[in-house]
Amino acid sequence: MKKRFHTMISLLCMAALLAGMLAGCSSASSSTPAPAPSAAASTSASGGSDASEPAASGPVFENPVTISMLAASHASWPFQDDWYVLDVIKDYTNVDLEVTTVDTSGFNEKVNLTMSGGDLPDLIFLTSNAVVRQYAPQGAFVNVLDYIDQMPHFKAWFEKNQQYALNYMSADGGLYLLPQQGVEETERRGWLYRKDIFEDLDIEMPADKDEFYNVLVELKKAYPDSYPLAFRSFSGTMAQMIMLSPSWGAYYIDEGDCRFFGYDYDTGEWTFGPTTPEFKEMLEFYNKLYEEELLLPNFLTIDTKGWQDVMANSDSFVTLDYLSRIDFFNNAMRDSEPGFTMAYMVPPAFNADVGNRFAYSAKVMIGMVVSSQSKHLDEVLAYVDWMYSDEAYDVLTWGRPGELYDEAADGTRTWKEFATAAEMKQATGFETFGFYERYDFNGELATFSPECREATETARKYDLPQLPILAFNDAEQEIVSTVGNNIVTFVNEQVSKFLIGERSFDEWDAYVAEVEALGLDQLKTVHESSYARVVAAQG
Amino acid sequence: MAFRSAFARAGAKKQVSPIANRGRKKSFFQRVYRDRYLLLLFLPCLIYYILFKYVPMWGVLISFKDFKPFIGFAGSNWVGFKHYINFFSNPDAWRIIRNTLLLGVYSLLWCFPFPIIFALALNEISRAKFKKFVQTVSYMPHFLSAVVVCGMLNSFLSPIRGIVNTLIKMCGGQAINFLSISGWFRTIYVASEVWQTLGWGAIVYLAAISNVDPQYYEAARLDGASRLRQVWSITLPCIAPTVATMLILRVGSVLEVGLEKVMLLYSPAIYETSDVIATYVYRQGLMSGNMSYASAIGLFSSVVNLVLLVAANYASKKFSDTGLF
C-alpha cells in the first residue's frame, strides 16, 4: 500500500513537470496572432455595402467588420481594450479592431517572429521603416498605390501631399507604409535654456557662435562647479550630431533616413558631412568647450536619467532636446523650485552662411502596413481609407463633437479635462500607435503649457529644409550594409575621439583619407542612384 | 577513480540478480518497462535538450543562405561562404576578435582564481555566523541584472558627482572621464565582473572543500603542519580536480562576453577596446535584420569556443589526469 502511494506521488510530480513544459511550449507557439475569426463571415455579410464610397453619414460598413491589428504599446500609455478611441472607431466605421499589442521594447522582435510565422494580422502599425525595407521586397505587404482608385480619401490626401508621401516610398516605387501625418511634430527638437538663471545673471540670448561661447563662459564664472552645456548620449548613436551639424553647414550620417550624405538642393550635389571643413570647425568648437569644462564631460555616455538629473540639479543650463522637455522639466521642478524655467532658445548662427537655422527635426516614419495575406483586403483598405478622411482626422484627434473638448468662438479647442498629453493618451488612446494616420497636432498642442506651445510654434520658423529620405534597392543595400556600416562605425568612433581630445586635429587630413579609403565613393554613387528614382517619381 | 570503480562493482552485483537467473536477456521494451519511472523522470530533460539545443542546430544552415524570414528557409537562396567572407574582409574584424578574446582572457585570469582564494579564506573562518554573513553578502551581486550593475557603474564613475571621482578630487587628483576613455574599459569590465562572480563562484569550491576528509587535517596537525601548510598540501590537492573541471568549462566560454554589459557600457569613443563580436553582431546583424550574417558570426565564435574547449581538455588531461571527456 505504502509503495503504491509513493509511486502515485512520483507519477503526479512527473505529470506536473511535463504539463508545465508542454504549457511552456504551447504558449510560445501560440504567440503569433490568429487571423480574425469572423473575417470570412463578414466579407459575405457586408458584400452589399459599397465600401469605396465615402460615407457622409452613418458608419463605413453597414455590418460589423472585424480587423486584426498588431501595434506597439507604449509603457507610458499602455493599450487598454476599453479605450475611448476604439468606441469612436466602432461608431464611425462599424469596425471591431482585434488588437494585439506588444511593449515598444519588444516590438521589433515580435514583428520579426510574426513574419517568420507567416501568419500576419490584417494591419501592422510600424514604428520604423526598417521592417518595410526588409519585408516588403519579400511580398509581405500590399502596395497601396495599386489600390489607390478604390481609396478616395487616401487618393485625395496623397495628391495633395505627394512630396511628403514620397519620403515613405520604397526603392521599387511602391508605397507599403501608409504615411502618418501630424504626429511628427512631437519629434521637434531645439536649444533649451534656463531662462530664470539667464535673467538672474542678466545674460542676453546668444545670436552667433562667439556669443554662444561667451554666454557659457559667463555661466561658468557665476557657477564654477557647473558645466553650462549638456547633451545626453542617446545610447551612443551620436544622434546629437544629426541635430547639431546642419547649423554649421554640414550634415551628419542619419541612418534613420537612410542617408549618409547631405544633399544640397541648389547644386544637386551629395556631400559627406563628417569630412568637410565646416564639420571640423564644429568639432574644434565643441572640443574647446570640452577642454574648458563648459560642456558636460560625459556627454558621450550619459543616459537619459543621468542627463535629467544634471538638468534638474542645475549642473547645466543649456541643452538640446525635444521641445516637450520644457513642460517635462517645468512641471516636475516647480513644486520644489517655483522659479525653475526651461525655455526655448532661438538657434544661434553657428555658420554665417546658414544663419539662425536648425536641423529639420519634426519627422518620423511610422504608419500602417496592410498584410498581403489579408482575407478581406477590400474591407481593410476601406477602413484604412477612412483614416485619411477629414472625419477621421477630426474624431481621431478630438473625439465625438463636443464630448471631450470646448470650442471657442474662433474655433480654438481646449480639452475639458486633460492637462497633459500623457493624460489625454492614457484616457482616450488618441495619438497612440495604431490609432492615427492623419492627426491634428492641435490636439496635443492643447495640452501644452502656453510657453511650450509658443516654443513649438516659434521653432517652426527656424527649420532648415528637410533632406530627401532614401530607399535603397537590393544592390544598393548590399553596399550600404557593408561599406556604409563600416563607415558609420569608423566615423562615430573618430568623431567621438576628436570631441574629447583623444585624437588631435593635426591628424584631420589623415582621418579624411581613412574615411575615403573605406569606400566613400561607392556610397555616394548609391545615394545618387537612389535619389534619381525619387526625382523620377516626382515627375 | 575509487568512486567510479565502486559504482561499477555495484552495477555488476545488481546484474547477477533475477535477470541472469532466468538465463535470457530482457528485450528493449521490457527494459523500458522496468525502468519506466526513471525514464519518465528523465523525459523532461531529454525534451528540453532536443527542443532547445538540437533542433536549433539546423539554424546554422541559414548562415550559408540569404535568409528571408517571410519567404522562409526553403525559398531563400544559397550563397555559400558569402557572409563569412564579408565578415573577415571587414576592416574591424580582427579588432573585434582581438577585443573579444582579450576581454574573455582577462575575465578568466581574474575571475577564475579569486573565488578559489575566497573559498579557501572563508573555510579558515571559524565563527560560523560571521562566515555565513560574509558568504551571503558576497552572493548578492550575482543576482543583480546587467542593467542595474551598469547603472551603478555609470553613476559611481561619473565625472560629475560620481563617488570615485569625488574621492580622486578629494585626494587632489583630476577627475577621470572613465567611460569615455578607451584605456579604462577593460579594467572596469573585468573588475565589475570579479565583484559580481566572486561569491557565487566560490560555492562550488566550498562544497569541494567540505568533502575533504577531516582525518587528513588531523594527521597533518599531529605532524605539526601550519594552517598555510595544510591549505597548500591538503585542501588544494583535494580540490584540484574540481578546479581543473571548472577551468575547462570556463575556457570553453571565453568568447561569450556578456553582450548586455558591453552594450550598456560602451560608446563610439571607446570602440577601440570595447567593440566585441556580440556587439558587432547586434549592430550589423540584428539592427539591420540580417540574420544570416549574424548566425555566420555566431557559428564562427562557437567553433573557436569548441577548439579552445578541446584544447583545454587535452592539456588538462595531459597535466593533471582530469578531463571532461
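Residue numbering restarts at 1 for every chain, and letters A, B, ... go by the order of the sequence lines.
Residue pairs that meet the salt bridge (charged side-chain N to carboxylate O under 4.0 Å, His left out) test with at least one member in residues 146-172 of chain B, sequence neighbours left out, are A:D315-B:R161.
No other option in A:N486, A:L300, A:D225 has as many heavy-atom pairs under 4.5 Å with chain B as A:N486. Each of B:P159, B:S155, B:S267, B:S180 has some count of heavy-atom pairs under 4.5 Å with chain A, and the biggest count is that of B:P159.
To the nearest 0.5 Å, atoms CG (B:D92) and CD (A:E493) are separated by 7.5 Å. Taking CZ of B:F178 as the reference point, atom OG1 of A:T301 lies at 12.0 Å (rounded to 0.5 Å). Between the CD1 atom in B:I160 and the OG atom in A:S316 there is a gap of 6.5 Å [rounded to 0.5 Å]. Going from atom OH of B:Y293 over to atom OG of A:S481 covers 8.5 Å, rounded to the nearest 0.5 Å.
In this structure, chain B has a heavy atom under 4.5 Å from the side chain of A:I500, while its backbone stays farther away. When heavy atoms are compared at a cutoff of 4.5 Å, A:L296 approaches chain B solely by way of its side chain, counted from C-beta outward. Contact annotation for A:F299: neither backbone nor side-chain heavy atoms come within less than 4.5 Å of a heavy atom of chain B. The contact between A:T489 and chain B is made by backbone and side chain atoms together, counting heavy-atom distances below 4.5 Å. Looking at A:L518, only its side chain comes within 4.5 Å of chain B, counting heavy atoms on both sides. Interface residue A:Y290: only side-chain heavy atoms are found under 4.5 Å from chain B.
Taking the ring-ring contact (aromatic ring centres under 6.0 Å, His included) definition, one finds that B:F28 meets it with nothing, sequence neighbours left out.
At a threshold of 4.5 Å between non-hydrogen side-chain atoms, the residues B:E272 and A:K497 count as touching. When side chains are defined from C-beta on, A:V495 does not count as touching B:P268, because their heavy atoms never get closer than 4.5 Å.
Side chain of A:N298 to main chain of B:S158: no donor-acceptor pair is present (N/O by atom type, distance under 3.5 Å, no hydrogens or angles). A side-chain donor-acceptor contact under 3.5 Å links A:Q138 to the backbone of B:F70.
Around the CG atom of B:L144, the shell of radius 6.0 Å holds more than 12 heavy atoms that belong to other residues, nucleotides or ligands. Within a 6.0 Å sphere centred on CH2 of B:W195, heavy atoms belonging to other residues, nucleotides or ligands number more than 12. The environment of A:E109 atom CD is sparse: at most 12 non-hydrogen atoms of other residues, nucleotides or ligands sit within 6.0 angstrom.
The stretch residues 75-91 of chain B places B:K82, B:N86, B:N90, B:P91 near chain A, each with some heavy atom under 4.5 Å from a heavy atom of that chain. Contacts between residues 303-314 of chain A and chain B, counted as heavy-atom pairs separated by less than 4.5 Å, involve A:V310, A:N313.
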